[in-house]
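I have placed the structure first, in the form of structure tokens, so that the comments after it can refer back to it.
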Number of protein chains: 2
Amino acid sequence: MKLLVIEDEAELAASIAGYLTDYTCETAATFTQALEKIEMFTYDCILLDLTLPGGDGLRLLDLLKKEKRNDGIIIISARNAMEDKITGLTNGADDYIAKPFHLPELAARVYSVIRRKQFSSANVVEQHEVKIDLLSKKVFVEGTEVPLTKKELDLLLYFIGNKNKVISKGALAEHLSGDMADMLDSHAFVYAHIKNLKRKLTEAGYGNYLKNVYGTGYKWEI
Amino acid sequence: MKLLVIEDEAELAASIAGYLTDYTCETAATFTQALEKIEMFTYDCILLDLTLPGGDGLRLLDLLKKEKRNDGIIIISARNAMEDKITGLTNGADDYIAKPFHLPELAARVYSVIRRKQFSSANVVEQHEVKIDLLSKKVFVEGTEVPLTKKELDLLLYFIGNKNKVISKGALAEHLSGDMADMLDSHAFVYAHIKNLKRKLTEAGYGNYLKNVYGTGYKWEI
DNA sequence: GGGTAACGTTATCGCTACGTTAACGAATGT
DNA sequence: ACATTCGTTAACGTAGCGATAACGTTACCC
């Protein structure tokens with residue numbers, strides 16, 4: 001899996017590349033640099049920062065679509081630039097994430113975009129003894145169905161997409177509620193969903209792979 | 001059941017193939033590739049994108065009809081290209097779907113085309129204890145007729161064509177009204193038709209296979 | 001190593017969003 | 001004009017959500 005991170009803030013680009021270790025990440029810091037890479041290679045997913053020095057990021061998007069490329073595209077942009085969001089998505093971007101964002105959140109979106117792209121093989125997600133049918137929204141542990149609520153399934157997919165990485169409670173809260181503000185809030189409700197997810201999985205005979213990291217967050221350790 | 005997806009956007013072709021798991025899907029990305037496949041094999045249904053690189057999609061349609069082939073044909077084309085729709089249908093296509101479309105919608109049309117072809121004389125769809133005569137638009141459960149309205153029948157066929165897949169209320173609303181905008185609206189009317197369909201089927205002694213998935217949609221689980 | 005404070009776990013519960021159902025006026029077709 | 005069907009509305013039932021509080025754990029400090 002190959003990713004291209006088009007981002008002029010070197011620090012941010014580096015942390016993204018460092019976080020998404022399941023993928024091979026390349027980076028581009030300027031418009032021309034990005035153009036060169038895009039014309040040279042294809043990527044499974046392209047992270048595109050719209051505020052790019054040396055050219056408008058949307059022009060890159062247009063280019064990709066005009067060439068009928070099927071690289072997945074996730075727009076990265078400043079928090080309140082809502083117009084960008086709309087323009088970006090109608091122009092063919094697959095997803096959008098607002099700065100500042102949290103890396104697990106980004107990872108989940110990248111995972112989701114890539115999964116959507118390969119709809120054929122990935123409408124069933126398998127991880128160890130867990131099988132998730134994304135079309136019927138059913139979850140199986142060793143063949144027996146485990147009924148999960150929407151939020152529990154959301155959590156499970158989030159963890160599987162970020163396996164072996166510690167996710168902060170705040171990031172989880174934000175992902176579940178879809179609300180940026182929840183990053184700062186109490187997060188207490190996350191406990192409830194984590195608890196229920198763990199309980200349902202263990203009751204179905206699945207080992208406890210969802211572990212707490214004291215003072216930091218949770219991780220799905222496989 | 002064999003399908004041919006003639007579509008140059010690889011991502012879209014993959015999504016279609018991945019969604020229509022009840023059929024064996026082959027894909028063709030160019031005019032010549034499509035031509036080769038068509039001349040080599042016959043298909044139960046051919047999905048034909050008219051905006052095809054390397055030749056006009058309508059020429060493929062003409063070819064199929066000149067050879068008196070009876071592969072079912074569904075035209076895929078850009079949303080507002082209404083002339084295509086008319087030309088396509090008068091030239092012998094069996095159905096038409098506008099881009100961008102939703103996969104359940106496509107599945108329903110594929111299902112419908114194949115059934116129509118397969119039972120061109122009898123024209124009967126059977127699913128479990130449900131029997132649908134598409135010509136007289138009559139529905140039978142274990143031999144006794146169940147009078148359904150147009151929308152209820154439409155719903156039933158939609159669900160049968162997308163069995164075991166969760167369909168969002170929005171997609172159902174859009175399918176029933178034929179209006180893209182209904183994807184976002186209140187969808188309240190969907191409740192009414194679902195309720196009536198369920199009532200009529202259960203009153204006729206049919207098990208309840210139409211299930212709600214909380215916060216997500218409905219599915220026909222068989 | 002006890003004490004303590006911060007963090008994590010778990011069960012309970014009211015609230016809200018969602019879904020169900022029935023009734024009715026609007027729209028449609030014959 | 002009539003009957004049928006459609007989609008809106010409102011009242012009701014329910015599942016899941018997230019807050020709360022009581023209880024366990026972990027880490028840290030002396």
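Chain letters run A, B, ... following the sequence lines, proteins first and then strands; every chain starts at 1.
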Item to complete: Report yes or no: is the cationic atom of B/K219 (NZ for Lys, CZ for Arg) under 6.0 Å from the centre of the six-membered ring of B/F159, at an angle within 45° of the ring normal?
Response: no

Worksheet item: Starting at the 5' end of DNA chain C and moving along, which residue's nearest nucleotide shows up first, A/T216 or B/K198?
Response: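 It is A/T216 whose nearest nucleotide is closer to the 5' end.
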
Response to the item:
Of B/K195 and A/R199, the one whose nearest nucleotide on DNA chain C sits closer to the 5' end is A/R199

Worksheet item: Can you tell me if the side-chain N/O atoms of B/T149 get under 4.0 Å from OP1 or OP2 in D/dC6?
Response: yes

Worksheet item: Within less than 4.0 Å of OP1 or OP2 of D/dA15, is there a side-chain N or O belonging to A/K150?
Response: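 It does not, given that no N or O in the side chain of A/K150 lies less than 4.0 Å from OP1 or OP2 of D/dA15.
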
Worksheet item: Under a 4.0 Å N-O cut-off, is there an ion pair linking B/K2 with B/D44?
Response: no

Discussion item. With a 4.0 Å cut-off on N to O distance, would you call A/K211 and A/E221 a salt bridge?
Written reply: yes

Worksheet item: When you match B/K200 and B/V190 each to their closest nucleotide on DNA chain D, which lands nearer the 5' end?
Response: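 By nearest-heavy-atom nucleotide position, the 5'-most residue is B/K200.
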
Output the rounded distance in Å from [atom1] ([X]) to [atom2] ([N]).
| X | N | atom1 | atom2 | value |
| --- | --- | --- | --- | --- |
| A/L153 | D/dG16 | CG | P | 13 Å |
| B/K211 | D/dA15 | NZ | P | 15 Å |
| B/H187 | D/dT9 | NE2 | P | 15 Å |
| B/L197 | C/dG19 | CG | P | 17 Å |
| B/E152 | D/dT5 | CD | P | 8 Å |
| A/K137 | D/dA15 | NZ | C1' | 18 Å |
| B/H193 | D/dG7 | NE2 | C1' | 6 Å |
| B/D154 | D/dC6 | CG | P | 10 Å |

Discussion item. With side-chain contact (heavy atoms from CB on, under 4.5 Å) as the criterion, how do A/V125 and A/V130 come out once you've worked through the C-alpha distance, each side chain's angles and the decisive distance to 0.1 Å?
Written reply: CA-CA 8 Å; A/V125 175; A/V130 178; over 6 Å; no

Worksheet item: Which class fits the ring pair A/H128 and A/Y209: parallel under 30°, tilted 30 to 60°, perpendicular over 60°?
Response: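 A/H128 and A/Y209: perpendicular rings.
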
Worksheet item: In B/S/- notation, 5' to 3', how is nucleotides 20-30 of chain D contacted by protein heavy atoms closer than 4.0 Å?
Response: B-----BS---

Worksheet item: Which nucleotide in the set C/dT9, D/dC6, D/dC17 lies at the smallest distance from any side-chain heavy atom of B/K151?
Response: D/dC6

Practice prompt. Establish, from distance only, whether the side-chain atoms of B/N162 and B/Y111 form a donor-acceptor pair under 3.5 Å.
Written response: no

Fill in: B/K200, NZ: over 12 other non-hydrogen atoms inside 6.0 angstrom
yes

